[in-house]
There are 2 protein chains.
Amino acid sequence: MTQPSSRTKVHAPGTRPDVRVPFTEVRLADSPGPAGPEANPPHRIYDTSGPGSVPEEGLLPLRAVWVAERADVEEYDGRERDLADDGRSAVRRGEASQEWRGARRQPLRATAGRRVTQMHYARQGLITPEMEFVAVRENCDVELVRTEVAAGRAIIPANVNHPETEPMVIGRAFLVKVNANIGNSAVTSSIADEVDKLTWATRWGADTVMDLSTGDDIHTTREWIVRNSPVPIGSVPIYQALEKVDGEAHELTWEIFRDTVVEQCEQGVDYMTIHAGVLLRYVPMTAARITGIVSRGGAIMAGWCLAHHQENFLYTHFDELCEIFAQYDVAFSLGDGLRPGCTADANDQAQLSELRTLAELTKRAWAFDVQVMVEGPGHVPLNLVKENVDLQQEWCDGAPFYTLGPLATDIAPGYDHITSAIGAAHIAWHGTAMLCYVTPKEHLGLPNRDDVKTGVITYKLAAHSADLAKGHPGARDWDDALSRARFEFRWEDQFNLSLDPDTARAFHDETLPAEPAKTAHFCSMCGPKFCSMRITQDVRRHAAEQALSDSSAIAKGMESTSREFVELGASVYVQH
Amino acid sequence: MTQPSSRTKVHAPGTRPDVRVPFTEVRLADSPGPAGPEANPPHRIYDTSGPGSVPEEGLLPLRAVWVAERADVEEYDGRERDLADDGRSAVRRGEASQEWRGARRQPLRATAGRRVTQMHYARQGLITPEMEFVAVRENCDVELVRTEVAAGRAIIPANVNHPETEPMVIGRAFLVKVNANIGNSAVTSSIADEVDKLTWATRWGADTVMDLSTGDDIHTTREWIVRNSPVPIGSVPIYQALEKVDGEAHELTWEIFRDTVVEQCEQGVDYMTIHAGVLLRYVPMTAARITGIVSRGGAIMAGWCLAHHQENFLYTHFDELCEIFAQYDVAFSLGDGLRPGCTADANDQAQLSELRTLAELTKRAWAFDVQVMVEGPGHVPLNLVKENVDLQQEWCDGAPFYTLGPLATDIAPGYDHITSAIGAAHIAWHGTAMLCYVTPKEHLGLPNRDDVKTGVITYKLAAHSADLAKGHPGARDWDDALSRARFEFRWEDQFNLSLDPDTARAFHDETLPAEPAKTAHFCSMCGPKFCSMRITQDVRRHAAEQALSDSSAIAKGMESTSREFVELGASVYVQH
């Protein structure tokens with residue numbers, strides 16, 4: 001009796017009982033062998049789906065013990081909640097809606113004089129449970145994790161106030177990661193929708209999720225998201241700060257921004273996009289572009305710089321941000337506010353000038369032991385893609401690169417998950433550590449649930465294409481397991497090994513819906529008579545039966561056996 | 001009154017009145033300028049949709065005059081129709097079904113001793129109307145077309161018995177082309193469905209269509225397809241030959257194959273995949289592969305070689321095929337029967353040995369003035385892609401490369417249009433001339449109408465990404481026109497310039513269905529307050545109003561105007 005194909009969640013142990021690393025395990029059916037069925041080892045797939053939560057209650061704080069054990073944080077009262085945190089409309093209503101009612105913890109921060117970042121620990125030579133978790137997850141030596149984090153070439157986003165996360169690492173020495181953006185806007189979407197999108201995105205493989213909410217209830221939406229997220233959450237605090245001044249960019253101040261950052265640190269945001277590289281002198285460089293400034297944060301800061309004719313306050317107050325981030329272990333995602341918005345604007349003076357500044361800021365953050373990744377474009381024709389990652393890696397001393405796509409062409413709105421996956425696979429192969437997904441709705445509207453799934457799956461396959469091209473240890477095993485299943489017509493194994501088993505199974509059933517077809521030794525594309533894989537199996541069996549492993553010997557041996565082959569029926573086709 | 005955006009078909013003239021080259025012309029709305037509306041030039045897009053036909057009647061024979069004028073062909077009776085041409089089941093039924101009832105012409109072939117190929121004319125220094133049509137279509141000098149065809153670096157597939165085609169060229173000096181596969185199989189699909197898929201595929205941009213039918217009514221299906229096709233039709237004659245021997249590969253003979261080729265030449269097939277490189281001695285090289293032989297034609301010929309222990313009859317009779325092809329101007333598509341079926345098998349000994357043989361055959365065909373392209377894989381990790389096209393171009397002296405994908409990973413069945421578009425864009429950038437599309441159903445089932453469209457659009461964007469990366473003259477104009485429309489919120493222009501206006505429009509309307517939204521100066525992703533493009537427009541206007549074009553001057557000028565900017569409302573956001 002051969003075992004049936006299955007797909008289940010398992011946990012791999014670390015050296016301590018509370019390090020339990022999730023994997024999707026695919027148990028495979030047996031292969032047909034010359035002497036009977038041959039067992040196949042199970043295949044394990046990196047799993048981001050988390051333990052699952054009731055949205056109203058949130059996830060258990062798995063990392064709380066690890067944070068506490070380090071004895072370098074303290075509980076404190078936190079900043080006072082302001083109705084404006086949920087936007088001006090909450091102030092006008094006089095109440096916040098859909099308030100988070102699950103467990104509330106006092107916020108934590110470093111005790112005076114301490115830095116509580118994974119980079120700090122790594123530089124001290126300490127191996128944290130987070131690092132160990134990551135090493136098991138990546139199937140690598142924990143010293144590789146520690147040294148990469150210590151050198152700034154990798155980050156483990158892990159705010160002490162987001163103990164619900166299952167630790168993960170972003171860096172070019174590790175598997176390429178995928179971020180999914182969610183977030184309501186003034187036009188549409190509800191909190192429940194956003195929490196659902198979070199869960200849905202991590203189910204399909206999102207490694208981190210950015211909450212880009214810009215509408216009402218911005219604080220409360222984030223609370224629901226962070227409390228339910230098993231993956232690190234990123235944000236762009238300038239969006240919320242702008243809501244607090246009713247959308248008037250010139251009314252933004254460092255104080256409002258700083259307060260917003262602290263608010264988000266206390267909530268547990270793991271990394272924040274900070275557009276500190278949009279310097280006043282760079283703004284005019286965008287005037288002759290076809291699409292000017294397309295980053296929202298970049299445009300906000302450019303507008304502020306112009307209105308005040310002052311240097312970007314994120315740049316002038318950058319060290320203060322570092323001090324704050326070091327208290328919570330929030331990582332910088334240095335925003336590329338001047339990224340190109342079309343292929344024509346790629347790799348121009350504005351973009352590369354900003355990148356120089358992001359390199360300077362990377363080193364300033366590292367001086368505070370604060371983790372950093374650097375954001376990249378955007379829209380770049382294939383011939384200019386590699387230059388982006390090469391320059392970023394060189395100038396930023398190997399800090400992880402985190403790119404949005406890039407789109408390889410601008411002519412296919414509605415298909416920009418694909419135009420960008422082409423660029424994303426390419427840039428990740430050359431060293432980008434994390435890819436921000438793009439959904440089919442990019443440039444046209446807000447992604448719904450289906451778009452989120454399509455975006456995540458598309459980026460997972462792009463990321464894996466890069467892992468494969470990089471020769472990342474173990475990456476090809478997955479392809480090989482699936483290819484073997486395909487070749488042997490183990491349909492259920494093929495579905496279960498897929499990035500999206502549901503779609504693979506549904507597509508197959510559309511043409512051949514009957515259950516027996518899933519064990520049929522032919523597939524619907526060719527029909528029973530024309531199956532090339534079937535023919536190859538016969539070819540191989542023919543060769544194997546002669547026990548001639550050397551090619552020339554096989555060729556010689558064939559003459560004598562060709563007659564027999566025909567006499568035995570030469571049934572290179574299944575006859576139906 | 002600004003002109004409304006529109007998308008219509010226009011025809012560009014050649015030097016003779018019957019050379020009328022179709023384009024999709026997108027007329028654009030005006031741009032807002034500092035002194036009022038500014039007109040935008042219309043944008044022309046390469047158009048493959050043909051003049052449109054009533055399926056039962058077929059298309060008009062546009063090229064018939066050109067063929068006749070050359071006075072090197074003669075009408076003849078043609079081979080006798082055999083019920084077996086429609087497969088064994090037609091023989092059993094005793095009749096062919098859905099017989100073609102439209103116009104029938106006597107087949108043409110070269111008069112004795114003549115070669116009627118575009119390559120022959122090009123080598124003679126003749127410029128044919130086909131070459132002129134192509135030059136207008138590609139917006140290039142006709143001498144470039146002639147010299148590339150003469151050198152074998154490009155082909156114009158143009159069977160004298162398929163006068164319905166609008167000529168097109170395949171070669172690395174020209175725009176990257178896309179082929180769509182259609183065809184019924186024993187399991188599913190009807191003739192009407194296949195004709196509909198043909199029309200549908202060319203509507204969305206398929207440059208050629210291959211009829212891969214393997215089931216019943218194989219001759220009749222092809223007749224309907226050829227008579228209705230404005231694009232060159234490719235076929236794999238071994239599929240039909242195999243039907244004639246009821247699927248028994250070892251019963252295939254050169255005579256049956258030859259007769260099938262002549263049958264298809266007379267019908268008007270423009271290029272044929274011939275698996276003449278699957279040599280007996282290469283077959284055992286596939287035994288240790290994960291997925292052996294995955295090409296249907298390759299497997300059939302491998303099976304035949306093994307059964308007879310004889311060399312592939314397509315190889316041994318190759319010169320005879322060349323003589324036949326030269327009489328009709330049928331191009332070889334030299335099949336890669338030993339292509340890898342998974343990333344693990346890429347660039348292996350079997351594949352590269354066959355490629356060496358295809359290079360030899362290329363030169364043999366050229367000796368007969370027969371046009372040739374060479375087929376390539378398949379499944380190749382990104383790091384091995386470039387080697388494929390580099391070796392093919394070197395070994396085959398620049399003969400056009402025609403690749404299926406390649407898929408950059410095997411883990412995403414259901415998304416193989418995307419896994420393969422990643423490889424396709426990459427390989428086309430490095431010199432592949434035509435890409436064979438892959439639909440979402442690849443490896444799982446037969447594509448339906450939606451899958452055909454998705455496959456074509458996906459490959460068009462991959463091909464264009466390559467044109468852009470190659471710096472192909474004029475390629476970026478399309479991106480730039482669309483990016484300008486996007487930046488200026490000319491939504492209708494953006495839709496009309498898209499590869500798929502219907503989907504772009506539908507996605508936009510899903511979030512913001514009201515008609516006024518299409519002229520709104522913000523988009524649904526950010527909502528009215530957070531529109532970065534809006535902010536940039538303000539930044540640019542601010543700069544332009546100062547009439548300071550030099551960056552440093554703008555920066556200096558800003559100080560004096562920043563107060564004014566705020567006083568004027570500093571409205572970097574639209575207030576709603």
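In what follows, every heavy atom counts, from backbone to side chain, and hydrogens, waters and symmetry copies are set aside. By convention in this document, chain letters (A, B, ...) are assigned in the order of the sequence lines, proteins followed by strands, and residues within each chain are numbered from 1.
- For the set A:Leu461, A:Leu499, A:Val385, the count of heavy-atom pairs under 4.5 angstrom toward chain B peaks at A:Leu461.
- Side-chain atoms of B:Tyr282 and B:Leu279, non-hydrogen and from C-beta on, do get closer than 4.5 Å to each other.
- Counting heavy atoms from C-beta on, the side chains of A:Phe487 and A:Arg484 never come closer than 4.5 Å.
- Looking at B:Trp478, both its backbone and its side chain come within 4.5 Å of chain A, counting heavy atoms on both sides.
- If you measure heavy-atom distances from B:Ile290 to chain A, the contacts under 4.5 Å come from both the backbone and the side chain.
- Contacts of A:Ala481 with chain B are absent, with no heavy-atom separation under 4.5 Å from either backbone or side chain.
- The residue among A:Ala424, A:Ala344, A:Ala506, A:Cys342 with the most heavy atom pairs within less than 4.5 Å of chain B is A:Ala344.
- Both the backbone and the side chain of B:Pro440 have a heavy atom closer than 4.5 Å to some heavy atom of chain A.
- For A:Ile457, the part lying under 4.5 angstrom from a heavy atom of chain B is the side chain only.
- The nearest pair of heavy atoms linking A:Ile422 to A:Ala408 is CG2-CB, 4.0 Å.
- The residue among A:Gly414, A:Ala469, A:Ser498 with the most heavy atom pairs within less than 4.5 Å of chain B is A:Ala469.
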TODO: Report the C-alpha distance between A:Phe507 and B:Thr439 in whole Å, list the side-chain angles of each, state the deciding distance to 0.1 Å, and finish with yes or no for side chain to side chain contact (heavy atoms under 4.5 Å, CB included).
DONE: CA-CA 11 Å; A:Phe507 281 3; B:Thr439 78; over 6 Å; no

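- B:Lys441 places a side-chain heavy atom less than 4.5 Å from the side chain of A:Glu510.
- Heavy atoms closer than 4.5 Å to chain B are found nowhere in A:Pro447, neither backbone nor side chain.
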Task: A:Leu280/A:His309 under side chain to side chain contact (heavy atoms under 4.5 Å, CB included): CA gap, chis, key distance, verdict - done: CA-CA 7 Å; A:Leu280 178 60; A:His309 193 65; 3.4 Å; yes

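- Using a 4.5 Å heavy-atom threshold, the side chains of B:Thr343 and A:Leu468 count as touching.
- Counting heavy atoms from C-beta on, the side chains of A:Thr291 and B:Arg486 never come closer than 4.5 Å.
- Between chain B and the residues A:Ile411, A:Leu382, A:Asn448, the largest count of heavy-atom pairs under 4.5 Å involves A:Ile411.
- In this structure, chain B has a heavy atom under 4.5 Å from the side chain of A:Arg476, while its backbone stays farther away.
- When heavy atoms are compared at a cutoff of 4.5 Å, A:Leu482 approaches chain B solely by way of its side chain, counted from C-beta outward.
- With hydrogens and angles disregarded, no donor-acceptor distance shorter than 3.5 Å links the side chain of B:Asp479 to the backbone of A:Thr409.
- Ranked by heavy-atom pairs under 4.5 Å with chain A, the first of B:Pro381, B:Gly298, B:Pro413 is B:Pro413.
- Of the atoms belonging to B:Ala462, heavy atoms from both backbone and side chain fall under 4.5 Å from chain A.
- B:Arg296 CZ to B:Met301 CE: the interatomic distance, rounded to the nearest 0.5 Å, is 15.5 Å.
- Chain A forms the most heavy-atom pairs under 4.5 Å with one residue out of B:Gln310, B:Gln494, B:His464, and that residue is B:His464.
- Neither the backbone nor the side chain of B:Asp467 comes within less than 4.5 Å of any heavy atom in chain A.
- Heavy atoms of A:Asp416 lying under 4.5 Å from chain B belong exclusively to its side chain.
- Neither the backbone nor the side chain of A:Asp345 has a heavy atom closer than 4.5 Å to any heavy atom of chain B.
- A donor-acceptor pair is defined here as one N or O able to donate and one able to accept, closer than 3.5 Å; no such pair exists between the side chain of A:Thr503 and the backbone of A:Asp500.
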